[in-house]
Amino acid sequence: MTDLLELREQIDGIDREIVRLFEARMEISRQVAEYKIANGKKILDREREIEKLKVLCGLAHNDFNSHGVQELFQQIMSISRKLQYQLLASEGVSGSLPFTQVEKIDRKNCRVVYQGVEGAYQHQAALRYFGEDVNIFHMDSFRGCMEAIKEGMADYAVLPIENSSAGEVSDIYDLLEEYENYIVGEQILEIHHALLGVPGAGLSDVKTVYSHPQALMQCSVYLEQQKGWRQEPVANTAMAARKVSEDKDRTQAAIGSVEAAKRHGLEVLKMPINHDRFNSTRFIVVTNRKMYEKDAKKVSICFELPHKSGSLYSILSHIIYNDLNMCKIESRPIPEHNWEYHFFVDFDGNLNDSAVKNAIRGIMEEAVNFKILGNY
């Protein structure tokens, strides 16, 4: 039987040869890139890659090796494309992204829209970001906010996109994909939910609790301990407070903020009632202009993928290979396409960074319906 040490030495020799051949292949890939740059050709030639993989897999002597050859050469081809994209960028052929860099967005001379009524968390986030004196108004729905900035009624909209305990606000992701509106900022707001009632009411009077579905979820531990309380979802927490205030019914309570209680003449029956004491909501600031601040540090993109094995890994590899930190990924189903999805990805970077440009160029070439959602 061959000694294990001898076998390892044979593998080491083969590995050195693989590295030598890999570097030789990369040098030819560099020359291919130079030719494509000189002749205006695209980097990705998917039909050639598919045909070449078929030939290479046919050279293997069993099914296991055939599958391994396919996986190996898919990675080699992917690395080759990344090298070619980098060369395109170094030659200034990568193209500029259709976004304008600004020093700072104007937070004073603008008109801002949010969903809900005064006292809603969206209202508080907007005031926190733009200042108390901003020209501000509200709409009844998230879609109404997106329409307002699309039509120029507002310069910016402030919308909730995720909560630290209840997760993403899925409607916002769908609207970001649908509308040609873009993220230019974000605001994190700590959420301290209170149980609000009419003046003079007590906990023993409560029979029905109104609030936004996410607020009800964030307070579910407390609510489940209250026997016989009925939970009724409404559009947002401030609307729940307004309903309780207008109905003047001691059996009704709302889950909302202390600010909402002040604005609607309610009393705090108990606070805080959210089970996560570090509960926070991230709000995005959206506009209809393709712009980003000079010191923007996060890029958001969305895309669809070919419905085949490894396609998501291939896309995300552009982020990894360019040494960018991916900080979030979400998926949303594509209507009328069962089991196919839009992907939403956030990663650290600025659209002016060469690594970001290189990653985006690669993703644009390989993904379907790619869109930059913003840099902020």
Side-chain angles (χ1 to χ4, degrees), residues 114-132 142 157-173 176 183-197 203 206 209-226 229 231-241 253-264 266-286 295-300 325-332 344-348 373-374 376:
Y114 66 94
Q115 183 267 344
V117 297
E118 289 188 2
Y121 288 114
Q122 292 96 307
H123 183 218
Q124 295 177 46
L127 297 180
R128 182 83 60 86
Y129 188 86
F130 287 97
E132 295 286 337
F142 296 140
V158 177
L159 304 169
I161 194 165
E162 69 171 320
N163 178 266
S164 58
S165 60
E168 79 278 2
V169 183
S170 55
D171 290 350
I172 302 301
Y173 282 100
L176 284 170
I183 308 170
V184 291
E186 67 178 355
Q187 179 68 54
I188 309 295
L189 192 69
E190 290 186 0
I191 306 297
H192 302 292
H193 289 311
L195 188 69
L196 314 178
L203 289 173
V206 177
V209 179
Y210 297 90
S211 198
H212 185 274
Q214 280 208 341
L216 294 170
M217 186 188 308
Q218 292 157 25
C219 302
S220 60
V221 173
Y222 173 78
L223 293 174
E224 287 167 4
Q225 295 170 351
Q226 315 309 312
W229 285 14
Q231 301 176 34
E232 292 290 343
V234 294
N236 65 51
T237 56
M239 286 183 178
I255 293 175
S257 66
V258 173
E259 179 64 25
K262 292 176 181 176
R263 289 180 178 270
H264 297 284
L266 300 177
E267 292 183 352
V268 175
L269 305 182
K270 188 168 181 64
M271 179 186 177
I273 61 170
N274 42 290
H275 45 264
D276 182 359
R277 293 297 184 262
F278 301 98
N279 187 21
S280 297
T281 295
R282 181 166 73 98
F283 296 84
I284 52 173
V285 180
V286 182
D295 61 352
K297 295 179 174 61
K298 184 190 294 183
V299 178
S300 291
N325 177 48
M326 187 179 75
C327 40
K328 187 175 180 61
I329 181 169
E330 296 285 350
S331 63
R332 294 287 299 147
F344 298 83
V345 172
D346 294 348
F347 58 89
D348 294 336
L373 297 175
Y376 49 100

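These numbers were taken from a predicted model, which means no experiment stands behind them.
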Student: Hey, could you give me the CG/CD distance between Leu159 and Gln122, rounded to the nearest 0.5 Å?
Tutor: 8.0 Å
Student: List the atom of His264, the atom of Ala241, and the distance in Å for their closest heavy-atom pair.
Tutor: CD2-CB, 4.0 Å
Student: Looking at Leu216 and Leu223, what are the two nearest heavy atoms and their distance?
Tutor: O-CD1, 3.8 Å
Student: Looking at every non-hydrogen atom in both residues, tell me the closest pair between Asn236 and Gly116 and how far apart they are.
Tutor: ND2-CA, 2.7 Å
Student: Quick one: list whatever passes side chain to side chain donor-acceptor pair (under 3.5 Å) with Glu162, sequence neighbours left out.
Tutor: Arg282, Lys328
Student: Starting at CZ of Phe283, measure out to CD1 of Ile161 and round the result to the nearest 0.5 Å.
Tutor: 11.5 Å
Student: Is a side-chain donor or acceptor of Asp346 paired with a backbone partner of Met326 at a separation under 3.5 angstrom?
Tutor: no
Student: So which atom in His275 and which in Ser220 form the shortest heavy-atom distance, rounded to 0.1 Å?
Tutor: CE1-OG, 3.4 Å
Student: At their closest point, which heavy atom of Leu189 faces which heavy atom of Ala125, and how far apart are they?
Tutor: CD2-N, 4.0 Å
Student: Taking all non-hydrogen atoms of both residues, which atom of Ser257 and which atom of Leu196 are closest, and how far apart?
Tutor: O-CD1, 3.7 Å
Student: What's the separation between atom CE in Met271 and atom CD1 in Ile255, rounded to the nearest 0.5 Å?
Tutor: 12.5 Å
Student: Test Leu195 against Leu203 for side-chain contact (heavy atoms from CB on, under 4.5 Å), laying out the working first.
Tutor: CA-CA 9 Å; Leu195 188 69; Leu203 289 173; 3.4 Å; yes
Student: List the residues meeting ring pair (Phe, Tyr, Trp, His ring centres under 6.0 Å) with His212, not counting sequence neighbours, and say none if there are none.
Tutor: none
Student: Do Gln187 and Val158 have side chains that approach each other closer than 4.5 Å (heavy atoms only, starting at C-beta)?
Tutor: no
Student: Any side-chain to backbone donor/acceptor pair from Tyr222 onto Gln226? Under 3.5 Å, distance only.
Tutor: no
Student: Taking the inter-plane angle between the rings of His123 and Tyr114 on a 0 to 90° scale, is it parallel (under 30°), tilted (30 to 60°) or perpendicular (over 60°)?
Tutor: parallel
Student: Would the number of heavy atoms belonging to other residues, nucleotides or ligands and lying under 6.0 Å from CD of Glu190 be above 12?
Tutor: no
Student: Distance check, rounded to the nearest 0.5 Å: Gln214 atom CD versus Cys219 atom SG?
Tutor: 11.5 Å
Student: Kindly indicate whether the side chain of Leu373, heavy atoms from C-beta on, has any atom under 4.5 Å from the side chain of Phe344.
Tutor: yes
Student: Taking atom types as modelled, is there a side-chain donor on Gln218 or Asn279 under 3.5 Å from an acceptor on the other?
Tutor: yes
Student: Is there side-chain contact between Ser331 and Tyr173, with at least one heavy-atom pair below 4.5 Å?
Tutor: no
